[in-house]
Structure formats: structure tokens, C-alpha cells
Amino acid sequence: MSTEKHVYINGTWESGDGKERVLTNPHNEQVIQTIQEASKEQTEKAVHAAREAFTRTDWSTNKKKRTEFLRKAADGIEAAADEIAEIESRNTGKPIRESVIDVEDTVTCLRYYAGLIEQETPKDISMDDGTSSWILREPIGVCALIVPWNFPLLLGMWKIAPALAAGNTVVFKPSEVTPLSILKVVEIFDRIDLPEGVFNVVLGDGDPVGDSLVTHPLTDKVSFTGGSETGRKINETCARSLKRVSLELGGKSPLLVFDDAEINNAVEWILFGGYFNQGEVCVASSRILVQESIYPEVLQRLKERIEEINVGDPMDDSTEMGPIINRSHFEKVTGYLKKGVEEGATLYGGEILQDKGYYMRPAVFADVTQEMSIVQEEIFGPVITIQPFKDEEEAVYLANDTIYGLAAGVLSADIERAERVGSKLQAGTVWVNNYHIPYIEASWGGYKQSGIGRELGPQGLYAFTETKHLNINRTLASPGWYA
Ligand code: NAD
């Protein structure tokens, strides 16, 4: 990558014709890099390049070429893992040990989809009338892939790998806030033999860059991860032309702790579920529901443990929580601390830690009620609420009582109970005595206003395919209808 060229179209780096953006490090607010973003015209040019590559190259039909590319890309990223992890932590503020895992999971994702398309075979059905049918999965065409700032590389690859594996061509738009890891990955892609125009990257704001991708008539599919409000807008736009769309949106996920759970272990899961990646995780377990007999003990232990979390420099191996992504999000998160107190909740932790960088201590709100904004709205930071419940019925009611349905967790020694409760939770992922792990072979996505469609696993691949029924009569006889 040239330091001045940040737009990748048709296999060539270009200088962006759009806005200039200065990226700063959330740890110390120092400038990391200045980016020349794409213009609307460049974005449209990228869509045209992807369309040309889809129609004029053998990418969509040459599975061998695709598996080879995905495996070489995985090898290339693996070889540059340390550098990419450092870029990710500097740009996002996430602790380095988390970025290392993100890069590993990115590599796994590419290899998984390479393996999956090798195994995929069309379904063959013999019909009663002597004809036979093939059920074929074909690529959709040009896919616009748009992702948020919290897991720029990993969430990007959850879309890029299956979209390319399925034979589509891609225009990728990272968040304007965190484009740096993907730029490094494009350098790696660029060194591999990939037909020009198959993969393009445009940087910039939701408007004009994201919006141009979504509205362009040559874009066949939009796969979006981000906030529910943006998702709603994109869904409305896509509906006008009946464009294919997948949406991975926000959440307000509950973690249910039953009275048979070992308390110290349960509190560690509460910390991990709520504060991993500074709580800037769509599936963060930001609502903790605890059976009333153990509620006081859990709250006491939680208050002690949040004081012990090592908040600090993301590049330090011992750091357990980094800074919030940027000034405006920091103000949003700390604004909720004020709001929660005004609403009558009791706040523990949440202190602002230093002048430079966007650092705060993890926060817990107790004495909350179900209608409070801190219980209902996605804060997307290290802020959780804790509420007691009486029995399973009340736990399920409280857990399901938001507009979201992305994930949930159940902590209990009684696995039968955990499964029974889990089956009643309206969530795309339910973890029992576990949390946060996005198993590549499984699925990922939301009920209710947390999204439409699923990523990961075979469903993540099928999201980038159209299904064709090809019916064949081996002899050309008269249908005999108008005899
Ligand atoms: P956001 O919705 O503001 O932005 C997401 C992306 O959409 C960015 O690249 C942005 O530039 C782009 N965008 C904005 N407006 C657009 C438009 N009109 N047309 C096209 N693109 C547009 O979200 P964010 O603040 O970057 O990320 C935080 C949100 O993402 C949270 O709500 C979080 O829950 C959600 N998220 C969901 C998942 C999931 O898997 N469900 C994963 C991570 C984050």
C-alpha cells in the first residue's frame, strides 16, 4: 500500500478523491495516519469493476481458483499476524491479546470456507415423472460488504471469505473509523493471483460511500453489520429494488445466573461477557439477571472484581481492558452513566481514569427497573446492569423483554434446566456456561431487531448464493397437453 493511496479498485491502488480523515489512537489521541477516502464516483467505479469481474472472468465458475485464493490469503495473513494484530490494537484500542485472537479467527474463517466449498455438491433429485432435478447454489453477483468499527478485520472476513468462496465479486467498506487492518490485508490479497476487480475496497463515511454502494443498481446484495438504525435505513433502501440484504445489528443481551451456579466462576463469566473488548461487542452480556437468593453475594463479588480489572495501554500484554474507541463514543457511554443515575439506578465503578485517551473503569448499575434506558438501550461500552429474578419464568420474561434478540447466556449446574431455559430465549445464539465464542461451524445472527439472516457456518455461505432448480427431461417428447 502506498501511504497516499487508500482505495483499491480493479486490482490497483488509487488516491482517494473524497474526504481526508485523520485517524487517532484511542490510547493517547495521537495521530496514527491520514487517510484519503473514496468519492461517490470512485465508489461507483468500484461497483462497475466488480460487475465486470463477475461477468468477464471465470471467478464465479472456477472453484479451484477460489479455494486456492482463500488458502493463500489465510497463509499470508498468518505470516503477517503480529503486524496486523498491532495495527488493529492501535486503531481500535482493543487489548493486544484480543487482536491476536481476532487475527487467528480470521485465518480460520478463510480456511473454513475454502474447505466448505470443496465439500459442497449440488443436490440431485429423481422425480416420480422420470425427470431429474439439480438444486444448485450459484453466486449472487456484486456484493457490497459494510462493517462497523469494533472488530474491523474479523467481522470483515466473516463476509469476505464466504462471499468470495461462493463466487461473488466484492466491494468492501470498512468503518471510516477503523480501516487500517483491512488495508494491510488488501496488500496481502494484492500479492495473490486474484482476477482484477474481484475484490475492491472503498473507504469513507456511510454517506456518500456506504449509501452509494447500497443504492447502486449494479450491486446485487448488501451484507451489513452495524447499528440497528443504520440497518433499518439500508433495509428500506434495498426493499425499493428488492435487492438481497443481510443485516447483523445491535443487541442488549442477557446473562441468566441461577442459584446453583458456582459464584466465583459465574462472576468471571459476567466480567467476560460484559467487558470483553471494552463491552464494544454486539453480543456483550450487558444485562445480568441473577436468581434472588444469590443476588447480594454476586453483586458484592462483582463490585470487588471490577476494581481489579487491569485497564490500560492496549499494546501491553497484561492489559485486560483498553480505551473506548473515540471521543464521541466515550461521551455517549459516559452519558449513559449520568442518565442511569438520573433514572434512579445505583452506579458502581465507571470512573473516568485519565486525561489523555478514552479510559474508564468498568461500570455496574444495580437497583434498576426494566423500563430504564440503561436496561433497554444498547450502550456499547463497559456498562452492565444487574437485576434479581425469582424463578425461571420471570428470568425468561425479563431476558426477552427488549427489542433485541442477538445472544443470551445461561449459567447453571443443572444442564437440563439450562437447556429448557435456553429454548425459551429469543436469541440467535444461546451459550450455556460459556459466552462470546463465535464458533465458525455454527451460526451467528439475531432474532427481532438484532438482524435478518445468519453469518458463519454453511448458512453464512448460503447467504451469498441464489438457489437454482434445474429440472431435466432427458428425452424431448411432446407434453401431450393439447392433443
Ligand atoms: P454504524 O451503523 O454507525 O456503522 C456501521 C457501518 O455502516 C459503517 O461502516 C458505516 O460507515 C456504515 N454506514 C453508516 N450509514 C450508512 C448508510 N446510510 N448506508 C451504508 N452504510 C452506512 O455502526 P457502528 O457504530 O460502526 O457499530 C456499532 C454497531 O454495530 C452496534 O450497534 C453493534 O451492536 C453493531 N454490531 C453488530 C454485530 C453483529 O454481528 N450483529 C457485530 C458488531 C457490531
Run Phe380 and Tyr336 through ring pair (Phe, Tyr, Trp, His ring centres under 6.0 Å) and show every step you take. CA-CA 10 Å; Phe380 216 58; Tyr336 269 107; over 10 Å; no

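- Figure legend: cation-pi geometry between Lys94 and Phe276 absent, as NZ or CZ is not positioned both under 6.0 Å from the six-membered ring centre and within 45° of its axis.
- When only modelled atom types and interatomic distance are considered, Ser89 and Ser99 share a side-chain donor-acceptor pair under 3.5 Å.
- Taking the six-membered ring where the residue is Trp, Tyr358 and Phe330 present tilted rings, their angle falling between 30° and 60°.
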In a table with atom names and distances, give each donor-acceptor pair under 3.5 Å that connects a side chain of residues 427-442 to protein atoms at least two apart or in another chain.
from: Trp431; atom 1: NE1; to: Ile437; atom 2: O; distance (Å): 3.2
from: Asn433; atom 1: OD1; to: Ser412; atom 2: N; distance (Å): 3.0
from: Asn433; atom 1: ND2; to: Ser412; atom 2: O; distance (Å): 2.9
from: Asn434; atom 1: ND2; to: Tyr439; atom 2: OH; distance (Å): 3.1
from: Tyr435; atom 1: OH; to: Val283; atom 2: O; distance (Å): 2.7
from: His436; atom 1: NE2; to: Phe272; atom 2: O; distance (Å): 3.3
from: His436; atom 1: NE2; to: Gly273; atom 2: O; distance (Å): 3.0

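- Under 3.5 Å, the side chains of Ser181 and Glu88 contain a donor-acceptor pair of N or O atoms.
- Contact of the Met360 side chain with the Gln278 side chain is not registered, since no non-hydrogen atoms from C-beta on lie closer than 4.5 Å.
- For Lys303 and Tyr348, the positive end sits near the middle of the six-membered ring, less than 6.0 Å away and at most 45° from its axis.
- Looking at Ser293 and Gln291, their side chains never bring a donor and an acceptor atom within 3.5 Å of each other.
- Salt bridge Asp205/Arg21: present, at least one basic N to carboxylate O contact under 4.0 Å.
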Side-chain donor-acceptor pairs of residues 455-466 under 3.5 Å, sequence neighbours excluded:
from: Glu455; atom 1: OE2; to: Lys159; atom 2: NZ; distance (Å): 2.7
from: Tyr462; atom 1: OH; to: Glu120; atom 2: OE2; distance (Å): 2.7
from: Thr465; atom 1: OG1; to: Arg137; atom 2: NH1; distance (Å): 3.2
from: Thr465; atom 1: OG1; to: Tyr462; atom 2: O; distance (Å): 2.8
from: Glu466; atom 1: OE2; to: Arg244; atom 2: NE; distance (Å): 3.0
from: Glu466; atom 1: OE2; to: Arg244; atom 2: NH2; distance (Å): 3.3

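- The pair Arg417-Asp259 meets the salt-bridge criterion, with a side-chain N (NZ, NE, NH1 or NH2) lying under 4.0 Å from an Asp/Glu carboxylate O.
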